[in-house]
**Q** 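Shown below is the structure under consideration.
The chains referred to below are lettered A, B, ... by the order of the sequence lines, with proteins before strands, and numbering in each begins at 1.
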There are 2 protein chains.
Amino acid sequence: MGRKRLQEPADGRPTVHTVAARAGVSIASASRVLNGVGGSPETIRKVRAAAAEVGYVPNAIARSLQSQRTGLVALAVEDIGNPVYVAMMRAIESVVASSGRQLLVHATGGRIDNETALLRRLANRYVDGMIVSPIRVTDDHLAALVDSPVPVVVVGQLGADAPVDNVRTDSRHGVALAVDHLVAGGRRRIGFVNGPLDTVPGAARDAGFRAALAGHNIDLDAHLVEVGDFQYAAGRAATERLLARTDPDALICANDLIAVGALHALLAAGRRVPEDVALVGMDDTDLARMMFPQLSSVSLGSAERGRRAAELLLERIADPTLPPRREQVPPHLVVRASSGAALPAPRAATDPGAATTAGATGSHGATTTDPGVEPAPSHPSSEGATP
Amino acid sequence: MGRKRLQEPADGRPTVHTVAARAGVSIASASRVLNGVGGSPETIRKVRAAAAEVGYVPNAIARSLQSQRTGLVALAVEDIGNPVYVAMMRAIESVVASSGRQLLVHATGGRIDNETALLRRLANRYVDGMIVSPIRVTDDHLAALVDSPVPVVVVGQLGADAPVDNVRTDSRHGVALAVDHLVAGGRRRIGFVNGPLDTVPGAARDAGFRAALAGHNIDLDAHLVEVGDFQYAAGRAATERLLARTDPDALICANDLIAVGALHALLAAGRRVPEDVALVGMDDTDLARMMFPQLSSVSLGSAERGRRAAELLLERIADPTLPPRREQVPPHLVVRASSGAALPAPRAATDPGAATTAGATGSHGATTTDPGVEPAPSHPSSEGATP
DNA sequence: TTGTAAGCGTTATCAT
DNA sequence: ATGATAACGCTTACAA
């Protein structure tokens, strides 16, 4: 025998039973009125009054158990401190909101166990679906993705055979765009500051860099390659190590955070950017435009990937029987002042607002020259102060 | 009469019933084994096997309905694009994680209705507790906070009478620290680029600025004050407007995002920082250290406030009967290169790594001089690439 | 140890 | 329109 049903639960909060009793109707009637379906005028009045009097608040968990949905969608990324994920999140949020759902974000901090745990917990029905963007993928991880009880869409590379919706870009090609551009600008001693090679993006960018150099018949000088993690501090430190042993005339960084660190290190070392060293980042985040000089950057279409991922997720939530889909968003290079001037130029504009016209299009295409004095990034949807 | 209980639910996913039937035991036994409490060796074996065979995954919603907890905690902020919230989030996350819970973040985009809706949805039991940091507070909002079914802690100013746990700082004092410092450095034409005055922080900072100037017997020149929103783009635009009509020798910005925009505008206008114009931001985010020159900034103790808020929340979850608590974290000024040199100095160091010793302590105390070549921000807990 | 069944709070079905 | 009750999937008190 279980406990007997309490009309007032242990924590004292009112339930439909409380309201129904107070209104002198059945819980069915109370529920109907509370949901705005049916009910005579008199019943409606009584129930509404009772609900207001006791301060009734529906229990969303109970409702979800019944309806098998929560109206929540989650996004799991490594680090919301990285503006690229903020951009992705904004794009996802706007799609998700249009479906009447709310987006929740979780930062995994790159801890794979953490991510798997989150997947295992949230995906067990707390959310209607999830978008994850892992930088490392283990078998355990993949298993969690595949047999998730709720729809999951992955942003990033995934094994070709994984039966999971997937939106990716071609970051190898992205690196090639940067190399082409720099070579066209006369640079030959091109350095590369990468993230960890045991991550999916790190490995892809490394491969892309090597392939692109080979394509230009440039021998890779190992001194010109450094690895840290995908953070500002590591980018700065890695660049300092690189500068201590060799003298590049250009630097490609695996993301914008690293690029900002590299810029810091270059300026501290007395190098002019772009006169002495041209600098190209990746991800094309707001950060690239906030720097002096503004940073050229390879856009990996993060917002676009986020938007597509969200659309795929909503489709799958609506119809879980869809076959796994795989989409690709092409990268493109945005040229700004940090790589704008050609090598021999002795004194180029370092004015942060100065436009550059060095949009030398390499053999891989997809290069844009960003007008230097663009209106700057704007995010109508956000404010962000410290209350 | 309701439907009859299906052993295999409509969506085909196994439940305890499925497992129990397959193992040839009761659902009680199955549940016990699945939860690791009780069960004979033989039963354990059978249930484990059955669960594995059918790929059983527990339904967390159902479990939560029973246990009245979800193991989730939410944080609602305006804009995760603002690094100050990232810092706050990291601090909260580490406390929350230590309690075995997971943190979810929601960006409200400053839309008050959005925030209230989130509160109304999540707080209805989807999470065990919430931390919110609103920049605008309406009555409706406050009502939602007060009668939330789950514990809520507010980071930021709240009416003194609101019966809600609250962690705040004194941003008026924070602005005063900046003014004192600049005055001590010989600046007199101090400008102020603020956020919207109808926000809580915007109003507080405006008041703080006026009071601090008055304290130094400096008349406020209205031309020296500009208002935008708390974003980079607005900060840049506002500074451009300000520079178009007057000529400040120092600028205080209501947050670091605005300060970066101001720096951009100043450099584009040919002003040297700090020689011509000293610049001080607020929030002391990573961004301040990523700039050239590095930005002085008033720390409002965001990480500390986040940490305290999380602790208060956990305490309240453990004991909901606690009386409302209110805590305050004092601001302090971190001096870096952007305001380091005194006014008359014709040529100060603009090397981004250069240390400054101009930590002139004003009458309000709490000033730190940041060694310029500090190891730069590091976040062991995060990586952040674009997979 | 095991099974039966109550109960978490809600919605939905069916008969009245 | 209304009320009684099954069901969502799970945990657990109690009896066997």
**Q** Would you kindly say whether B/S40 and B/T43 are connected by a side-chain donor-acceptor distance under 3.5 Å?
**A**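 Present: a donor and an acceptor within the cut-off.
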**Q** Could you state the atom-to-atom distance from CZ of A/R32 to P of C/dG9 in whole Å?
**A**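 Taking atom P of C/dG9 as the reference, CZ of A/R32 is at 20 Å.
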**Q** Tell me whether B/R120 is salt-bridged to B/D113, with the criterion being a basic N under 4.0 Å from an acidic carboxylate O.
**A**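 No salt bridge links B/R120 with B/D113.
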**Q** When all nucleic acid strands are considered with a 4.0 Å heavy-atom cut-off, which category describes B/I61: base, sugar-phosphate, or nothing?
**A**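 Nothing, no heavy atom under 4.0 Å.
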**Q** B/Q66 CD to C/dA6 C1': how many Å, rounded?
**A**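 Answer to the nearest Å: 10 Å.
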**Q** Donor-acceptor check, side chain of B/S133 to backbone of B/V155, threshold 3.5 angstrom: yes or no?
**A**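 Judged by distance alone, yes, a pair lies under 3.5 Å.
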**Q** Which is true for A/T43 with a 4.0 Å heavy-atom rule: it touches a base, it touches only sugar-phosphate, or it touches nothing?
**A**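 Sugar-phosphate only.
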**Q** Is A/Q68 close enough to C/dT11 that one of its side-chain N or O atoms is under 4.0 Å from OP1 or OP2 there?
**A**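 No, because none of the side-chain N or O atoms of A/Q68 sits under 4.0 Å from OP1 or OP2 of C/dT11.
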**Q** Ignoring the backbone of A/N59, work out which of D/dT11, D/dT2, C/dT10 is nearest its side chain.
**A**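 Closest nucleotide to the A/N59 side chain: C/dT10.
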**Q** Restricting to salt bridge (Lys or Arg N to Asp or Glu O under 4.0 Å), what partner residues turn up for A/R121, sequence neighbours left out?
**A**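 Residues passing salt bridge (Lys or Arg N to Asp or Glu O under 4.0 Å) with A/R121: none at all.
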**Q** So if I take every side-chain heavy atom of A/V16 and compare against D/dT11, C/dT4, C/dG9, which nucleotide ends up nearest?
**A**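 Ranking D/dT11, C/dT4, C/dG9 by closest atom to the A/V16 side chain puts C/dG9 first.
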**Q** On DNA chain C, compare the nucleotides closest to B/V25 and B/L65; which residue's is nearer the 5' end?
**A**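 Its nearest nucleotide lies further toward 5', so the answer is B/V25.
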**Q** Classify the nucleic acid contact of B/R125 as base, sugar-phosphate or nothing, counting any heavy atom under 4.0 Å across all strands shown.
**A**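 No contact.
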**Q** A quick test of your reading: do over 12 heavy atoms of other residues, nucleotides or ligands sit less than 6.0 Å from CG of A/D319?
**A**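 Yes, because the 6.0 Å sphere around CG of A/D319 holds more than 12 heavy atoms from other groups.
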**Q** Just the rounded figure in Å: distance from P of C/dG9 to OH of B/Y126.
**A**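 Checked: the OH to P distance equals 15 Å.
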**Q** Between D/dA4 atom C1' and A/H17 atom NE2, what is the distance in whole Å?
**A**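 Going from NE2 in A/H17 over to C1' in D/dA4 covers 11 Å.
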**Q** With no angle test and no hydrogens, is the base of D/dG9 tied to the side chain of B/R13 by a donor-acceptor pair under 3.5 Å?
**A**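 Not at all, since no donor on one side and acceptor on the other fall under 3.5 Å apart.
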**Q** So what does A/S40 hit on the nucleic acid, given a heavy-atom distance under 4.0 Å: a base, only sugar-phosphate, or nothing?
**A**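 The answer is sugar-phosphate, as A/S40 gets under 4.0 Å only of primed atoms, P, OP1 or OP2.
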**Q** Which whole-number value in Å describes the distance from B/I44 CD1 to C/dT2 P?
**A**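 These atoms are roughly 8 Å apart.
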**Q** In whole Å, what is the span from the CZ atom of B/R45 to the P atom of C/dT1?
**A**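 B/R45 atom CZ is separated from C/dT1 atom P by 17 Å.
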**Q** What nucleotide, of D/dT11, D/dC10, C/dA5, holds the atom closest to the side chain of B/A28?
**A**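 Out of D/dT11, D/dC10, C/dA5, the nucleotide with an atom closest to B/A28's side chain is C/dA5.
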**Q** Rounded off to whole Å, could you give me the CD-to-C1' distance for the A/E42 and D/dT2 pair?
**A**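 To the nearest whole Å, that distance equals 14 Å.
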**Q** Distance check: side-chain N/O of B/S26 vs OP1/OP2 of C/dT4, anything under 4.0 Å?
**A**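 The answer is no; no side-chain N or O of B/S26 sits under 4.0 Å from OP1 or OP2.
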**Q** Pick the closest DNA chain D nucleotide for A/S29 and for A/S67 by heavy atoms, then say which residue is nearer the 5' end.
**A**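 On the 5' side of the pair lies A/S29.
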**Q** Find the distance B/N35:CG to D/dC10:P and express it as a whole number of Å.
**A**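 From B/N35 CG to D/dC10 P: 10 Å.
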